[in-house]
2 protein chains.
Amino acid sequence: MPKQVDHEERRRRIADAVCALIDEQGLEAVSLRDVAARAEVSMGAVQRCFRSKDEMLRFALAHVGHQVTARARTRLLAAPAQSPASTVGHLAHEIALLQAHQRAQARVWLAFLAAAAVNPALADDLRGSYTDLETLLTRLIADAGDLPDPAAEARTLLALADGLTAHVLIGHRAPEEAERLLHAHLARLWQ
Amino acid sequence: MPKQVDHEERRRRIADAVCALIDEQGLEAVSLRDVAARAEVSMGAVQRCFRSKDEMLRFALAHVGHQVTARARTRLLAAPAQSPASTVGHLAHEIALLQAHQRAQARVWLAFLAAAAVNPALADDLRGSYTDLETLLTRLIADAGDLPDPAAEARTLLALADGLTAHVLIGHRAPEEAERLLHAHLARLWQ
DNA sequence: CCTGTTCCGATGCAGTCGCATCGGAAAAAC
DNA sequence: GTTTTTCCGATGCGACTGCATCGGAACAGG
(Lines give C-alpha, C1' and ligand atoms only; values in the text may rest on other atoms or scores of the structure.)
Protein backbone atom coordinates (compact mmCIF):
# COMPACT_ATOMS: atom_id res chain seq x y z
CA MET A 1 0.00 0.00 0.00
CA PRO A 2 1.55 3.30 -1.10
CA LYS A 3 0.89 6.87 -0.09
CA GLN A 4 -2.57 7.33 1.37
CA VAL A 5 -4.55 10.45 2.16
CA ASP A 6 -7.86 11.05 3.88
CA HIS A 7 -9.99 11.83 0.87
CA GLU A 8 -13.11 12.71 2.79
CA GLU A 9 -11.24 15.15 4.96
CA ARG A 10 -9.77 16.77 1.91
CA ARG A 11 -13.14 16.98 0.21
CA ARG A 12 -14.57 18.77 3.22
CA ARG A 13 -11.59 21.10 3.27
CA ILE A 14 -12.15 21.95 -0.38
CA ALA A 15 -15.88 22.39 0.21
CA ASP A 16 -15.08 24.90 2.95
CA ALA A 17 -12.91 26.80 0.49
CA VAL A 18 -15.74 26.82 -2.04
CA CYS A 19 -18.11 28.22 0.56
CA ALA A 20 -15.64 30.90 1.60
CA LEU A 21 -15.26 32.04 -2.00
CA ILE A 22 -19.01 32.06 -2.61
CA ASP A 23 -19.48 34.09 0.54
CA GLU A 24 -16.97 36.68 -0.62
CA GLN A 25 -17.54 36.96 -4.35
CA GLY A 26 -20.48 34.80 -5.34
CA LEU A 27 -20.80 31.51 -7.14
CA GLU A 28 -19.72 32.97 -10.48
CA ALA A 29 -16.30 33.79 -9.12
CA VAL A 30 -15.55 30.23 -8.03
CA SER A 31 -12.83 28.76 -10.24
CA LEU A 32 -10.86 25.59 -9.69
CA ARG A 33 -7.66 27.61 -9.36
CA ASP A 34 -9.04 29.92 -6.71
CA VAL A 35 -10.54 27.01 -4.79
CA ALA A 36 -7.23 25.17 -4.82
CA ALA A 37 -5.39 28.26 -3.61
CA ARG A 38 -7.93 28.92 -0.85
CA ALA A 39 -7.86 25.30 0.30
CA GLU A 40 -4.06 25.39 0.16
CA VAL A 41 -3.82 22.39 -2.10
CA SER A 42 -2.79 22.10 -5.73
CA MET A 43 -5.22 22.11 -8.61
CA GLY A 44 -4.27 18.53 -9.27
CA ALA A 45 -5.46 17.53 -5.82
CA VAL A 46 -8.81 19.20 -6.41
CA GLN A 47 -9.18 17.39 -9.70
CA ARG A 48 -8.35 14.11 -8.04
CA CYS A 49 -11.01 14.62 -5.38
CA PHE A 50 -13.75 15.66 -7.79
CA ARG A 51 -14.33 14.44 -11.30
CA SER A 52 -15.57 17.85 -12.41
CA LYS A 53 -16.31 21.32 -11.15
CA ASP A 54 -20.00 20.54 -11.06
CA GLU A 55 -19.43 17.55 -8.81
CA MET A 56 -17.38 19.74 -6.51
CA LEU A 57 -20.14 22.32 -6.26
CA ARG A 58 -22.75 19.67 -5.54
CA PHE A 59 -20.59 18.26 -2.76
CA ALA A 60 -20.16 21.73 -1.32
CA LEU A 61 -23.92 22.20 -1.37
CA ALA A 62 -24.47 18.96 0.51
CA HIS A 63 -21.72 20.06 2.89
CA VAL A 64 -23.50 23.26 3.94
CA GLY A 65 -26.76 21.34 4.05
CA HIS A 66 -25.25 19.02 6.61
CA GLN A 67 -23.82 21.92 8.58
CA VAL A 68 -27.18 23.67 8.82
CA THR A 69 -29.21 20.59 9.70
CA ALA A 70 -26.55 19.50 12.19
CA ARG A 71 -26.71 22.87 13.90
CA ALA A 72 -30.48 22.67 13.97
CA ARG A 73 -30.48 19.22 15.57
CA THR A 74 -27.83 20.28 18.07
CA ARG A 75 -29.94 23.26 18.99
CA LEU A 76 -32.98 21.05 19.50
CA LEU A 77 -31.09 18.67 21.75
CA ALA A 78 -29.44 21.48 23.69
CA ALA A 79 -32.81 22.90 24.78
CA PRO A 80 -34.79 19.73 25.32
CA ALA A 81 -37.70 20.47 27.59
CA GLN A 82 -39.54 23.81 27.41
CA SER A 83 -42.73 24.13 25.43
CA PRO A 84 -43.15 22.51 22.00
CA ALA A 85 -44.04 25.91 20.61
CA SER A 86 -40.73 27.43 21.62
CA THR A 87 -38.98 24.43 20.10
CA VAL A 88 -40.50 25.36 16.75
CA GLY A 89 -39.35 28.91 17.36
CA HIS A 90 -35.80 27.77 17.98
CA LEU A 91 -35.73 25.66 14.85
CA ALA A 92 -37.18 28.44 12.69
CA HIS A 93 -34.62 30.80 14.12
CA GLU A 94 -31.89 28.35 13.22
CA ILE A 95 -33.17 27.80 9.70
CA ALA A 96 -33.54 31.48 8.91
CA LEU A 97 -29.76 32.02 9.25
CA LEU A 98 -30.30 35.54 10.50
CA GLN A 99 -27.43 35.80 12.93
CA ALA A 100 -24.17 37.37 11.84
CA HIS A 101 -22.14 34.21 12.25
CA GLN A 102 -24.54 32.45 9.87
CA ARG A 103 -24.33 35.14 7.21
CA ALA A 104 -21.77 33.20 5.18
CA GLN A 105 -23.92 30.06 5.17
CA ALA A 106 -26.90 32.18 4.15
CA ARG A 107 -25.05 33.67 1.20
CA VAL A 108 -23.90 30.24 0.08
CA TRP A 109 -27.41 28.90 0.41
CA LEU A 110 -28.86 31.75 -1.66
CA ALA A 111 -26.22 31.29 -4.35
CA PHE A 112 -27.08 27.60 -4.66
CA LEU A 113 -30.78 28.36 -4.61
CA ALA A 114 -30.43 30.62 -7.62
CA ALA A 115 -28.19 28.14 -9.40
CA ALA A 116 -30.67 25.35 -8.73
CA ALA A 117 -33.33 27.26 -10.66
CA VAL A 118 -31.45 26.45 -13.86
CA ASN A 119 -29.55 23.33 -12.80
CA PRO A 120 -31.72 20.24 -12.23
CA ALA A 121 -28.96 18.30 -10.47
CA LEU A 122 -28.48 21.01 -7.87
CA ALA A 123 -32.23 21.38 -7.56
CA ASP A 124 -32.53 17.69 -6.69
CA ASP A 125 -30.00 17.97 -3.88
CA LEU A 126 -31.58 21.15 -2.56
CA ARG A 127 -35.05 19.61 -2.59
CA GLY A 128 -33.71 16.81 -0.44
CA SER A 129 -32.54 19.22 2.25
CA TYR A 130 -35.81 21.13 2.11
CA THR A 131 -37.85 17.96 2.42
CA ASP A 132 -35.91 16.96 5.52
CA LEU A 133 -36.42 20.32 7.18
CA GLU A 134 -40.07 20.35 6.20
CA THR A 135 -40.69 16.92 7.67
CA LEU A 136 -39.02 17.90 10.91
CA LEU A 137 -40.92 21.18 11.14
CA THR A 138 -44.23 19.53 10.37
CA ARG A 139 -43.75 17.03 13.15
CA LEU A 140 -42.81 19.69 15.68
CA ILE A 141 -45.76 21.88 14.74
CA ALA A 142 -48.12 18.96 14.98
CA ASP A 143 -46.83 18.34 18.51
CA ALA A 144 -46.92 21.98 19.52
CA GLY A 145 -50.59 22.73 18.98
CA ASP A 146 -53.58 21.16 17.34
CA LEU A 147 -53.59 23.22 14.18
CA PRO A 148 -55.82 21.99 11.36
CA ASP A 149 -52.95 21.63 8.86
CA PRO A 150 -49.46 21.33 10.38
CA ALA A 151 -47.86 20.54 7.01
CA ALA A 152 -49.17 23.76 5.50
CA GLU A 153 -47.89 25.74 8.47
CA ALA A 154 -44.47 24.15 8.12
CA ARG A 155 -44.31 25.01 4.42
CA THR A 156 -45.40 28.57 5.03
CA LEU A 157 -42.88 28.96 7.81
CA LEU A 158 -40.09 27.59 5.67
CA ALA A 159 -40.90 29.97 2.82
CA LEU A 160 -41.14 32.91 5.18
CA ALA A 161 -37.77 32.08 6.71
CA ASP A 162 -36.15 31.86 3.28
CA GLY A 163 -37.68 35.11 2.12
CA LEU A 164 -36.59 36.94 5.25
CA THR A 165 -33.08 35.57 4.90
CA ALA A 166 -32.86 36.83 1.34
CA HIS A 167 -34.12 40.27 2.31
CA VAL A 168 -31.55 40.50 5.09
CA LEU A 169 -28.79 39.44 2.72
CA ILE A 170 -29.42 42.25 0.26
CA GLY A 171 -29.62 44.71 3.12
CA HIS A 172 -33.30 45.45 2.72
CA ARG A 173 -34.13 44.26 6.20
CA ALA A 174 -32.22 44.40 9.47
CA PRO A 175 -31.62 40.98 11.04
CA GLU A 176 -33.38 42.04 14.23
CA GLU A 177 -36.44 43.18 12.31
CA ALA A 178 -36.54 39.92 10.37
CA GLU A 179 -36.35 38.01 13.62
CA ARG A 180 -39.19 40.10 15.01
CA LEU A 181 -41.38 39.38 11.98
CA LEU A 182 -40.60 35.68 12.18
CA HIS A 183 -41.62 35.47 15.81
CA ALA A 184 -44.72 37.57 15.24
CA HIS A 185 -45.78 35.05 12.63
CA LEU A 186 -45.24 32.20 15.07
CA ALA A 187 -47.06 34.02 17.83
CA ARG A 188 -50.13 34.36 15.65
CA LEU A 189 -49.89 30.65 14.87
CA TRP A 190 -50.49 29.72 18.49
CA GLN A 191 -53.22 32.39 18.65
CA MET B 1 -27.58 64.92 -38.70
CA PRO B 2 -26.53 61.46 -39.78
CA LYS B 3 -27.86 58.02 -39.03
CA GLN B 4 -29.97 57.89 -35.90
CA VAL B 5 -31.36 55.00 -33.92
CA ASP B 6 -33.77 54.74 -31.02
CA HIS B 7 -31.31 53.95 -28.24
CA GLU B 8 -33.90 53.37 -25.57
CA GLU B 9 -35.78 50.92 -27.73
CA ARG B 10 -32.58 49.07 -28.42
CA ARG B 11 -31.63 49.00 -24.77
CA ARG B 12 -34.97 47.44 -23.92
CA ARG B 13 -34.51 44.92 -26.71
CA ILE B 14 -31.11 43.95 -25.34
CA ALA B 15 -32.52 43.77 -21.81
CA ASP B 16 -35.15 41.34 -23.05
CA ALA B 17 -32.40 39.21 -24.55
CA VAL B 18 -30.52 39.25 -21.25
CA CYS B 19 -33.62 38.10 -19.41
CA ALA B 20 -34.28 35.32 -21.91
CA LEU B 21 -30.74 34.02 -21.45
CA ILE B 22 -30.95 34.21 -17.66
CA ASP B 23 -34.23 32.34 -17.79
CA GLU B 24 -32.70 29.56 -19.84
CA GLN B 25 -29.21 29.15 -18.45
CA GLY B 26 -28.76 31.46 -15.50
CA LEU B 27 -26.87 34.68 -14.95
CA GLU B 28 -23.47 33.02 -15.21
CA ALA B 29 -24.10 32.05 -18.80
CA VAL B 30 -24.80 35.60 -19.96
CA SER B 31 -22.00 36.79 -22.22
CA LEU B 32 -21.95 39.84 -24.45
CA ARG B 33 -21.72 37.64 -27.52
CA ASP B 34 -24.73 35.54 -26.61
CA VAL B 35 -26.74 38.62 -25.70
CA ALA B 36 -25.92 40.23 -29.01
CA ALA B 37 -26.88 37.10 -30.92
CA ARG B 38 -30.15 36.70 -29.00
CA ALA B 39 -31.07 40.35 -29.51
CA GLU B 40 -30.12 40.03 -33.17
CA VAL B 41 -27.70 42.90 -33.06
CA SER B 42 -23.93 42.95 -33.30
CA MET B 43 -21.63 43.00 -30.32
CA GLY B 44 -20.59 46.48 -31.33
CA ALA B 45 -24.16 47.69 -30.94
CA VAL B 46 -24.37 46.22 -27.45
CA GLN B 47 -21.14 47.90 -26.49
CA ARG B 48 -22.42 51.21 -27.84
CA CYS B 49 -25.58 50.98 -25.77
CA PHE B 50 -23.88 50.01 -22.53
CA ARG B 51 -20.51 51.13 -21.27
CA SER B 52 -19.87 47.75 -19.65
CA LYS B 53 -21.45 44.39 -18.99
CA ASP B 54 -22.29 45.39 -15.46
CA GLU B 55 -24.19 48.46 -16.67
CA MET B 56 -26.12 46.22 -19.05
CA LEU B 57 -27.10 43.84 -16.26
CA ARG B 58 -28.22 46.67 -14.01
CA PHE B 59 -30.39 48.06 -16.80
CA ALA B 60 -31.89 44.63 -17.34
CA LEU B 61 -32.67 44.38 -13.63
CA ALA B 62 -34.44 47.74 -13.67
CA HIS B 63 -36.24 46.58 -16.81
CA VAL B 64 -37.82 43.53 -15.14
CA GLY B 65 -38.54 45.63 -12.08
CA HIS B 66 -40.58 47.97 -14.22
CA GLN B 67 -42.34 45.08 -15.90
CA VAL B 68 -43.40 43.55 -12.60
CA THR B 69 -44.55 46.77 -10.96
CA ALA B 70 -46.32 47.82 -14.16
CA ARG B 71 -48.21 44.53 -14.23
CA ALA B 72 -49.10 44.95 -10.58
CA ARG B 73 -50.46 48.45 -11.09
CA THR B 74 -52.37 47.35 -14.17
CA ARG B 75 -53.90 44.53 -12.18
CA LEU B 76 -54.95 46.93 -9.46
CA LEU B 77 -56.60 49.29 -11.89
CA ALA B 78 -58.27 46.49 -13.80
CA ALA B 79 -60.15 45.27 -10.71
CA PRO B 80 -60.96 48.57 -9.02
CA ALA B 81 -63.87 48.06 -6.69
CA GLN B 82 -64.27 44.83 -4.68
CA SER B 83 -63.02 44.63 -1.11
CA PRO B 84 -59.70 46.13 -0.03
CA ALA B 85 -58.71 42.72 1.30
CA SER B 86 -59.04 41.07 -2.09
CA THR B 87 -57.03 43.91 -3.57
CA VAL B 88 -54.15 42.93 -1.32
CA GLY B 89 -54.66 39.34 -2.42
CA HIS B 90 -54.43 40.33 -6.07
CA LEU B 91 -51.26 42.29 -5.52
CA ALA B 92 -49.63 39.51 -3.52
CA HIS B 93 -50.58 37.08 -6.21
CA GLU B 94 -48.99 39.33 -8.80
CA ILE B 95 -45.79 39.80 -6.79
CA ALA B 96 -45.30 36.12 -6.08
CA LEU B 97 -44.84 35.38 -9.81
CA LEU B 98 -46.36 31.94 -9.40
CA GLN B 99 -48.11 31.62 -12.73
CA ALA B 100 -46.42 29.84 -15.59
CA HIS B 101 -46.18 32.90 -17.79
CA GLN B 102 -44.31 34.68 -15.01
CA ARG B 103 -41.82 31.88 -14.50
CA ALA B 104 -39.18 33.58 -16.63
CA GLN B 105 -39.48 36.82 -14.67
CA ALA B 106 -39.25 34.84 -11.45
CA ARG B 107 -36.04 33.12 -12.53
CA VAL B 108 -34.53 36.44 -13.56
CA TRP B 109 -35.54 37.97 -10.27
CA LEU B 110 -33.98 35.14 -8.28
CA ALA B 111 -30.77 35.33 -10.28
CA PHE B 112 -30.45 39.04 -9.55
CA LEU B 113 -31.35 38.50 -5.91
CA ALA B 114 -28.46 36.10 -5.49
CA ALA B 115 -26.10 38.37 -7.40
CA ALA B 116 -27.14 41.32 -5.25
CA ALA B 117 -25.92 39.49 -2.16
CA VAL B 118 -22.35 40.06 -3.32
CA ASN B 119 -22.82 43.10 -5.56
CA PRO B 120 -23.70 46.33 -3.72
CA ALA B 121 -24.71 48.18 -6.88
CA LEU B 122 -27.29 45.55 -7.80
CA ALA B 123 -28.43 45.41 -4.18
CA ASP B 124 -29.15 49.14 -4.26
CA ASP B 125 -31.35 48.82 -7.33
CA LEU B 126 -33.13 45.82 -5.92
CA ARG B 127 -33.79 47.53 -2.61
CA GLY B 128 -35.45 50.35 -4.53
CA SER B 129 -37.93 47.99 -6.13
CA TYR B 130 -38.62 46.26 -2.83
CA THR B 131 -39.19 49.55 -1.05
CA ASP B 132 -41.73 50.57 -3.68
CA LEU B 133 -43.64 47.31 -3.39
CA GLU B 134 -43.50 47.44 0.38
CA THR B 135 -44.87 50.95 0.51
CA LEU B 136 -47.71 50.03 -1.79
CA LEU B 137 -48.54 46.87 0.15
CA THR B 138 -48.43 48.68 3.47
CA ARG B 139 -50.92 51.26 2.27
CA LEU B 140 -53.29 48.64 0.91
CA ILE B 141 -53.15 46.58 4.09
CA ALA B 142 -53.76 49.64 6.22
CA ASP B 143 -56.87 50.34 4.13
CA ALA B 144 -58.08 46.75 4.15
CA GLY B 145 -58.42 46.17 7.88
CA ASP B 146 -57.39 47.82 11.10
CA LEU B 147 -54.41 45.66 11.90
CA PRO B 148 -52.08 46.89 14.62
CA ASP B 149 -49.00 46.99 12.39
CA PRO B 150 -49.69 47.16 8.65
CA ALA B 151 -46.02 47.71 7.81
CA ALA B 152 -45.00 44.51 9.56
CA GLU B 153 -47.72 42.57 7.75
CA ALA B 154 -46.53 43.98 4.42
CA ARG B 155 -42.94 42.96 5.13
CA THR B 156 -43.97 39.49 6.20
CA LEU B 157 -46.15 39.07 3.16
CA LEU B 158 -43.36 40.21 0.84
CA ALA B 159 -40.90 37.74 2.37
CA LEU B 160 -43.42 34.93 2.22
CA ALA B 161 -44.12 35.64 -1.44
CA ASP B 162 -40.42 35.63 -2.26
CA GLY B 163 -39.80 32.42 -0.39
CA LEU B 164 -42.71 30.67 -2.06
CA THR B 165 -41.53 31.83 -5.47
CA ALA B 166 -38.09 30.40 -4.82
CA HIS B 167 -39.51 27.09 -3.66
CA VAL B 168 -41.65 26.83 -6.77
CA LEU B 169 -38.67 27.64 -8.98
CA ILE B 170 -36.58 24.77 -7.69
CA GLY B 171 -39.54 22.44 -8.04
CA HIS B 172 -40.00 21.88 -4.34
CA ARG B 173 -43.51 23.29 -4.33
CA ALA B 174 -46.26 23.18 -6.93
CA PRO B 175 -47.47 26.62 -8.02
CA GLU B 176 -51.04 25.80 -6.96
CA GLU B 177 -49.89 24.75 -3.50
CA ALA B 178 -47.85 27.91 -3.12
CA GLU B 179 -50.86 29.95 -4.11
CA ARG B 180 -52.95 28.08 -1.58
CA LEU B 181 -50.45 28.79 1.21
CA LEU B 182 -50.27 32.44 0.24
CA HIS B 183 -54.02 32.84 0.40
CA ALA B 184 -54.26 30.91 3.65
CA HIS B 185 -51.82 33.36 5.16
CA LEU B 186 -53.90 36.29 3.97
CA ALA B 187 -57.11 34.68 5.20
CA ARG B 188 -55.68 34.43 8.70
CA LEU B 189 -54.67 38.07 8.45
CA TRP B 190 -58.29 39.20 8.21
CA GLN B 191 -59.18 36.71 10.97
C1' DC C 1 -23.29 64.67 -55.88
C1' DC C 2 -20.62 65.61 -52.12
C1' DT C 3 -19.57 66.23 -47.42
C1' DG C 4 -19.86 65.48 -42.57
C1' DT C 5 -21.43 62.92 -38.87
C1' DT C 6 -23.14 58.93 -36.52
C1' DC C 7 -23.16 54.42 -36.01
C1' DC C 8 -21.70 49.46 -36.05
C1' DG C 9 -19.68 44.90 -37.66
C1' DA C 10 -15.52 42.62 -37.66
C1' DT C 11 -11.35 41.71 -35.68
C1' DG C 12 -7.67 41.56 -32.22
C1' DC C 13 -5.96 41.12 -27.58
C1' DA C 14 -4.82 39.81 -23.02
C1' DG C 15 -6.67 37.17 -19.63
C1' DT C 16 -9.16 33.26 -17.56
C1' DC C 17 -11.57 29.14 -17.68
C1' DG C 18 -12.15 23.74 -17.05
C1' DC C 19 -9.86 19.87 -18.05
C1' DA C 20 -6.24 16.37 -19.76
C1' DT C 21 -1.67 14.87 -19.43
C1' DC C 22 2.42 13.08 -17.37
C1' DG C 23 6.83 12.73 -14.89
C1' DG C 24 8.29 12.17 -10.53
C1' DA C 25 7.68 12.28 -5.27
C1' DA C 26 6.11 9.37 -1.42
C1' DA C 27 5.45 5.25 1.00
C1' DA C 28 4.24 0.28 1.95
C1' DA C 29 5.73 -4.63 0.59
C1' DC C 30 9.42 -7.51 -0.26
C1' DG D 1 17.63 -1.41 -1.52
C1' DT D 2 14.29 -2.50 -4.88
C1' DT D 3 9.81 -2.75 -6.49
C1' DT D 4 5.13 -1.39 -6.84
C1' DT D 5 1.36 1.37 -6.22
C1' DT D 6 -0.81 5.73 -5.14
C1' DC D 7 -0.84 10.31 -5.45
C1' DC D 8 -0.06 15.17 -7.04
C1' DG D 9 2.22 19.48 -8.93
C1' DA D 10 3.26 21.55 -13.10
C1' DT D 11 2.33 22.42 -17.62
C1' DG D 12 -0.29 22.82 -21.87
C1' DC D 13 -4.41 23.20 -24.64
C1' DG D 14 -8.50 24.89 -26.79
C1' DA D 15 -12.30 27.60 -25.84
C1' DC D 16 -14.25 31.51 -24.14
C1' DT D 17 -14.43 36.01 -21.73
C1' DG D 18 -14.97 41.43 -21.64
C1' DC D 19 -13.27 45.10 -23.87
C1' DA D 20 -10.62 48.26 -27.31
C1' DT D 21 -9.98 49.42 -31.95
C1' DC D 22 -11.10 50.97 -36.50
C1' DG D 23 -12.56 51.05 -41.41
C1' DG D 24 -16.52 51.60 -43.76
C1' DA D 25 -21.78 51.58 -44.20
C1' DA D 26 -25.72 54.64 -43.66
C1' DC D 27 -27.87 58.85 -43.91
C1' DA D 28 -29.03 64.21 -43.32
C1' DG D 29 -27.51 68.86 -44.90
C1' DG D 30 -25.28 71.56 -48.48
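In what follows, chains carry the letters A, B, and so on, assigned in the order in which the sequence lines appear, proteins first and then strands, with residues in each chain numbered from 1.
- Rounded to a whole Å, the CG atom of B:Leu21 is 15 Å from the C1' atom of D:dC16.
- Whole-Å rounding puts the A:Met56 CE to C:dG18 C1' distance at 10 Å.
- One atom, CZ of B:Phe50, and another, C1' of C:dC7, lie 16 Å apart when rounded to the nearest Å.
- Counted by atom type alone, B:Gln99 and B:Glu179 present zero donor-acceptor pairs between their side chains at under 3.5 Å.
- The aromatic rings of A:His93 and A:His183 lie tilted to each other, with the angle between the two planes from 30° to 60°.
- The interatomic distance linking B:Leu27 (CG) with D:dG18 (P) rounds to 11 Å, in whole Å.
- Atom pair A:Met43:CE and D:dC13:P shows a separation of 15 Å (rounding to whole Å applied).
- Within the 4.5 Å cutoff, side-chain heavy atoms of B:Pro175 are placed close to those of B:Arg103.
- We find that NE2 of B:His7 is positioned 10 Å from C1' of C:dC8, with the value rounded to whole Å.
- Shown are B:Leu27, B:Val64, B:Leu110; of these, the side-chain contact (heavy atoms from CB on, under 4.5 Å) with B:Ile22 is made only by B:Leu27.
- Note: CD (B:Glu28) to C1' (D:dT17) measures 14 Å, nearest angstrom.
- If you check the side chains of B:Tyr130 and B:Asp162, you find a donor sitting under 3.5 Å from an acceptor.
- In the set D:dA20, C:dC19, D:dC8, D:dA20 carries the atom at the smallest distance from any side-chain atom of B:Gln47.
- Following rounding to the nearest Å, B:Leu57 (CG) and D:dT17 (P) show an atom-to-atom distance of 14 Å.
- For B:Arg10, a side-chain nitrogen or oxygen approaches OP1 or OP2 of C:dC8 to under 4.0 Å.
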Check: protein-nucleotides 13-17 of chain C nitrogen or oxygen pairs below 3.5 Å:
| unit_1 | atom_1 | unit_2 | atom_2 | d |
| --- | --- | --- | --- | --- |
| C:dC17 | OP1 | A:Ser31 | OG | 3.1 |

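- Using the six-membered ring where Trp is involved, A:Phe59 and A:Phe50 have ring planes that are tilted, between 30° and 60° apart.
- In this structure, the nucleotide among C:dC7, D:dC8, D:dC19 sitting nearest to the side chain of B:Arg48 is C:dC7.
- Taking NE2 from A:His167 and CG from A:Leu181, the interatomic distance works out to 10.5 Å, rounded to the nearest 0.5 Å.
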